[in-house]
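Below: the structure, in structure tokens.
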There are 2 protein chains.
Amino acid sequence: MSPRAIRLDVLVVLLTIQGGALKTLLTRADDAHWALPSGAPAYDEPMRRAAERVVSDQLGARVDYLEQLYTFGNIVPPEGGQRVVEVSYYGLVPPELVRIPAPDGAKRRGARELAWFAEPDQPELVGDHALVTQVARRRLRGKLAYSAVGFELLPDEFTLSELRSLYEIILGKAIDKRNFLRKIRDLGIVEPTGSTRRNPRGRHAELYRFRPEVFKSIAAKGDILAF
Amino acid sequence: MSPRAIRLDVLVVLLTIQGGALKTLLTRADDAHWALPSGAPAYDEPMRRAAERVVSDQLGARVDYLEQLYTFGNIVPPEGGQRVVEVSYYGLVPPELVRIPAPDGAKRRGARELAWFAEPDQPELVGDHALVTQVARRRLRGKLAYSAVGFELLPDEFTLSELRSLYEIILGKAIDKRNFLRKIRDLGIVEPTGSTRRNPRGRHAELYRFRPEVFKSIAAKGDILAF
DNA sequence: GGAATAGTGTCTTTCAGACAATATGTT
DNA sequence: AACATATTGTCTGAAAGACACTATTCC
């Protein structure tokens with residue numbers, strides 16, 4: 001291969017909420033390192049589709065929310081190495097897809113070990129992957145205030161406690177219950193489904209669903225979900 | 001060249017304020033089309049540096065603000081074409097650098113015709129470049145509320161009318177003078193230089209300069225420059 | 001004096017923040 | 001009854017929005 005050849009690679013940072021923490025999906029690279037799921041786009045395959053394929057190969061499921069994050073164009077050392085262009089995407093998956101290993105294990109190509117890691121427990125990552133996960137978490141935090149990304153991390157039906165907990169986890173601070181509910185209700189972006197979630201200990205919680213139309217109609221007004 | 005070869009290209013969307021409009025720098029591609037300034041990174045050259053080089057080749061000056069925008073990975077038709085990975089950047093230039101052609105014309109490589117275009121006057125662009133300029137304008141509008149990008153489009157010393165006009169142009173709506181000034185002053189992010197700008201007709205205006213330190217100390221608080 | 005641009009203050013409404021008690025379900 | 005979780009309302013301070021007149025300079 002000529003020294004000027006370029007390798008194109010797609011990286012995916014999958015994020016989910018699990019056990020009260022925001023976690024990232026990693027695959028084992030070697031004894032000491034883990035890595036973000038990645039893959040090379042097939043000939044003629046759009047990069048976004050390659051990212052979707054990486055996700056479904058690993059999780060055995062499709063991801064609803066997937067967005068391009070940043071492109072890194074490092075030259076592999078030593079000098080004279082190949083240039084690797086890494087186009088990173090980040091995706092959000094609701095808790096029901098978090099089962100690891102993937103349900104249909106046979107689908108996974110390159111069957112390496114897979115696990116979800118919270119930030120403080122994260123092992124050492126190869127290359128610049130640690131940086132990429134930082135950028136993804138920052139981006140999610142930033143979008144929380146002016147977009148509906150938060151709802152992508154919840155199942156279709158959720159309780160308002162779950163919603164608030166999600167904001168607390170991602171923003172890393174406590175939010176007053178009453179002020180949070182007032183704002184969500186005043187905005188009208190959720191509606192009750194009528195059913196409740198049984199609670200093993202304590203009062204049952206009303207279930208709600210997100211109303212994308214309402215959100216869209218008011219989304220232009222800046223940080224409507226700022227807490 | 002093998003059909004699987006990848007071509008890497010860096011695109012730059014340069015934006016400036018001129019004549020009461022937000023304008024984009026374009027170069028003539030052929031009789032009917034214009035294009036964004038672009039270039040291929042040299043062997044071993046980081047992509048960002050390639051973007052800076054594209055700017056200085058065209059403008060004969062360095063740009064202070066340059067940020068990666070989005071990466072497009074289209075396959076050139078017809079089928080079987082080469083994949084072109086276009087990494088786009090957007091840059092903001094203050095009005096004193098807007099002179100076209102560049103002061104030292106000799107520096108420009110590939111001496112094609114250059115011009116600044118406001119959105120409504122924009123000619124037809126090659127490939128997906130029209131989309132890229134849209135994304136850049138949207139990004140700028142989005143960042144206006146929570147970052148100091150606005151000041152990158154002004155000279156070091158500016159009047160508060162110029163600052164307000166800039167926000168009005170980019171946001172596309174009128175802003176009340178008094179409310180605008182109250183907010184800017186209360187934030188303390190500008191300081192008077194002591195001198196004034198002579199006005200050919202009408203009262204002279206006080207000149208101000210931006211205070212980055214003050215901005216940084218309050219920047220975490222969300223949309224502090226929302227109007 | 002007229003025309004052009006710069007600069008200034010108040011009132012009202014809306015939104016954010018602080019704060020605690022009651023209701024419903026399980027064991 | 002004890003415990004756990006869900007749900008609800010008020011007060012206060014800060015910021016946003018609406019609104020009109022005076023000041024300076026040039027001709």
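Below, chains carry the letters A, B, ... as their sequence lines are ordered, and counting in each starts from 1. These numbers were taken from a predicted model, which means no experiment stands behind them.
Comparing A:Pro200 and A:Lys183 by the nucleotide of DNA chain C whose heavy atom lies nearest to each, the residue mapping closer to the 5' end is A:Lys183. Residue A:Asn179 is the one, among A:Asn179 and B:Ala226, whose nearest nucleotide of DNA chain D lies closer to the 5' end (criterion: closest heavy atom).
Put simply, CG on B:Asp223 is 10 Å from P on D:dA16, counting in whole angstrom units. Rounded to a whole Å, the CD1 atom of A:Ile224 is 17 Å from the P atom of D:dA16. Look at CG on B:Leu163: it is 12 Å from P on C:dG7, rounded to the nearest Å. Remark: C1' of C:dG2 and CZ of B:Arg203 are 18 Å apart, rounded to the nearest angstrom. Rounded to whole Å, the distance from NE2 on A:His204 to C1' on D:dA4 is 11 Å. Rounded to an integer number of Å, the gap from A:Phe180 CZ to C:dC15 P is 17 Å. Here the P atom of nucleotide C:dT26 and the CZ atom of A:Arg197 are 15 Å apart, to the nearest Å. Atom CZ in B:Phe227 sits about 13 Å away from atom P in D:dA15, given to the nearest Å.
Counting non-hydrogen atoms of other residues, nucleotides and ligands closer than 6.0 Å to CG of A:Asn74 gives a total above 12. More than 12 heavy atoms of other residues, nucleotides or ligands lie within 6.0 Å of CZ in A:Arg28, so this atom counts as buried by the packing criterion. Atom CG of B:Asn179 has more than 12 neighbouring heavy atoms from other residues, nucleotides or ligands inside a 6.0 Å radius.
With hydrogens and angles ignored, no donor-acceptor pair under 3.5 angstrom links the side chain of B:Lys177 to the base of C:dT8. For A:Asn199 and D:dA6, a side-chain-to-base donor-acceptor distance below 3.5 Å is absent, hydrogens and geometry of angles not being considered. Between the base of D:dG17 and the side chain of B:Arg178 there is no donor-acceptor pair shorter than 3.5 Å. Side chain B:Asp176 to base D:dC19: a donor-acceptor pair is found below 3.5 Å. No donor-acceptor contact under 3.5 Å links the side chain of B:Arg201 to the base of C:dG2.
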side-chain contact (heavy atoms from CB on, under 4.5 Å) between A:Leu225 and A:Tyr167: does it pass, once the steps are laid out? CA-CA 10 Å; A:Leu225 288 172; A:Tyr167 274 80; 3.3 Å; yes
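Closest contact between the side chain of A:Ala205 and the listed nucleotides D:dA6, C:dT8, D:dG17 involves D:dA6.
Classification of the B:Phe151-B:Phe158 ring pair by plane angle, with boundaries at 30° and 60°, yields tilted.
Across all strands, B:Arg164 comes closer than 4.0 Å to no nucleic acid atom at all (heavy-atom distances). Residue B:Leu181 is in base contact, counting any heavy-atom pair closer than 4.0 Å across all strands shown. Across all strands, A:Arg198 comes closer than 4.0 Å only to sugar-phosphate atoms, never to a base (heavy-atom distances).
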